[in-house]
Amino acid sequence: VRYRESINKEELDELSNDYIVVYLDMITNNYYTKDKQEEYLNLISKHFYKDGIISGPYIENNILKDHVLLIPKTEV
């Protein structure tokens, strides 16, 4: 897992073109369906050693909103 410095909304919008964005608070609070959580965990395990996962804080107006994982949209 590679750590990235804070990510703002504009950066996240741009990164979402190449990465699946997973919000950790949404996983922790069961916002995602069980199937979606399993899909994300499966993708994380597939990409972990292949091309890596990026992790970093999501910031809006200098306030920490969440922590995100960025999973490449590439096929494994």
Side-chain angles (χ1 to χ4, degrees):
V1 176
R2 290 178 285 154
Y3 181 76
R4 182 180 165 114
E5 294 297 322
S6 62
I7 303 167
N8 64 33
K9 182 170 177 33
E10 293 79 24
E11 291 172 320
L12 194 60
D13 287 343
E14 187 175 318
L15 288 166
S16 68
N17 293 324
D18 298 319
Y19 294 91
I20 297 167
V21 179
V22 179
Y23 296 88
L24 294 184
D25 279 349
M26 293 174 80
I27 287 180
T28 304
N29 294 317
N30 294 318
Y31 178 80
Y32 296 123
T33 64
K34 184 172 176 73
D35 289 340
K36 191 55 104 173
Q37 285 186 21
E38 288 178 13
E39 176 187 339
Y40 289 153
L41 292 175
N42 187 32
L43 286 170
I44 289 168
S45 66
K46 285 182 179 179
H47 285 276
F48 191 80
Y49 293 108
K50 174 93 172 142
D51 46 9
I53 305 299
I54 299 172
S55 172
Y58 174 55
I59 307 289
E60 280 185 20
N61 300 321
N62 294 325
I63 297 171
L64 176 65
K65 291 292 186 175
D66 204 339
H67 199 85
V68 295
L69 294 177
L70 303 172
I71 306 168
K73 289 184 176 178
T74 57
E75 290 292 321
V76 181

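We number each residue from 1, following the sequence as shown. Bear in mind the structure is a predicted one, so any value in this text is a computation, not a measurement. Excluded from the calculations below are hydrogen atoms, water molecules and symmetry mates; all remaining heavy atoms, backbone and side chain alike, are included.
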Exam field: side chain Y32 to backbone Y23, donor-acceptor pair closer than 3.5 Å = yes

Report yes if the side chains of I27 and V22 come closer than 4.5 Å at any heavy-atom pair, otherwise no.
-> yes

Starting at CG of L69, measure out to CD1 of I44 and round the result to the nearest 0.5 Å.
-> 5.0 Å

Taking the side chain as C-beta and beyond, is there a heavy-atom pair between M26 and K36 under 4.5 Å?
-> no

Search all heavy atoms of P57 against all heavy atoms of Y3 and return the closest pair with its distance.
-> CD-OH, 3.3 Å

Can you tell me if CG on N61 sees more than 12 non-hydrogen neighbours from other groups inside 6.0 Å?
-> no

Step through the shown structure and confirm whether more than 12 heavy atoms of other residues, nucleotides or ligands are within 6.0 Å of CD on E39.
-> yes

What is the minimum heavy-atom distance between R4 and I54, and which atoms define it?
-> CB-CG2, 3.7 Å

Taking D25 for the side chain and D66 for the main chain, is one N or O donor matched with an acceptor at less than 3.5 Å?
-> no

Between atom CG of L24 and atom CG of N29, what is the distance when rounded to the nearest 0.5 Å?
-> 10.5 Å

Looking at side-chain heavy atoms only, is the closest gap between N8 and I59 below 4.5 Å?
-> no

Verify the cluster assignment for I63 and Y58: are they in a single hydrophobic cluster under the rule of side-chain heavy atoms below 4.5 Å apart?
-> no

To the nearest 0.5 angstrom, please state how far the CG atom of D35 sits from the CG atom of N42.
-> 12.0 Å

Separation between NZ of K65 and NZ of K9, rounded to the nearest 0.5 Å = 12.0 Å

From H47 atom NE2 to E75 atom CD, the distance as rounded to the nearest 0.5 Å = 7.5 Å

Hey, is the main chain of S16 close enough, under 3.5 Å, to the side chain of K73 for a donor-acceptor pair?
-> yes

How long is the gap from CG on L15 to CD1 on I7, to the nearest 0.5 Å?
-> 6.0 Å

Using side chain to side chain contact (heavy atoms under 4.5 Å, CB included) as the criterion, point out the one residue from L70, V68, L12 that pairs with Y19.
-> L70

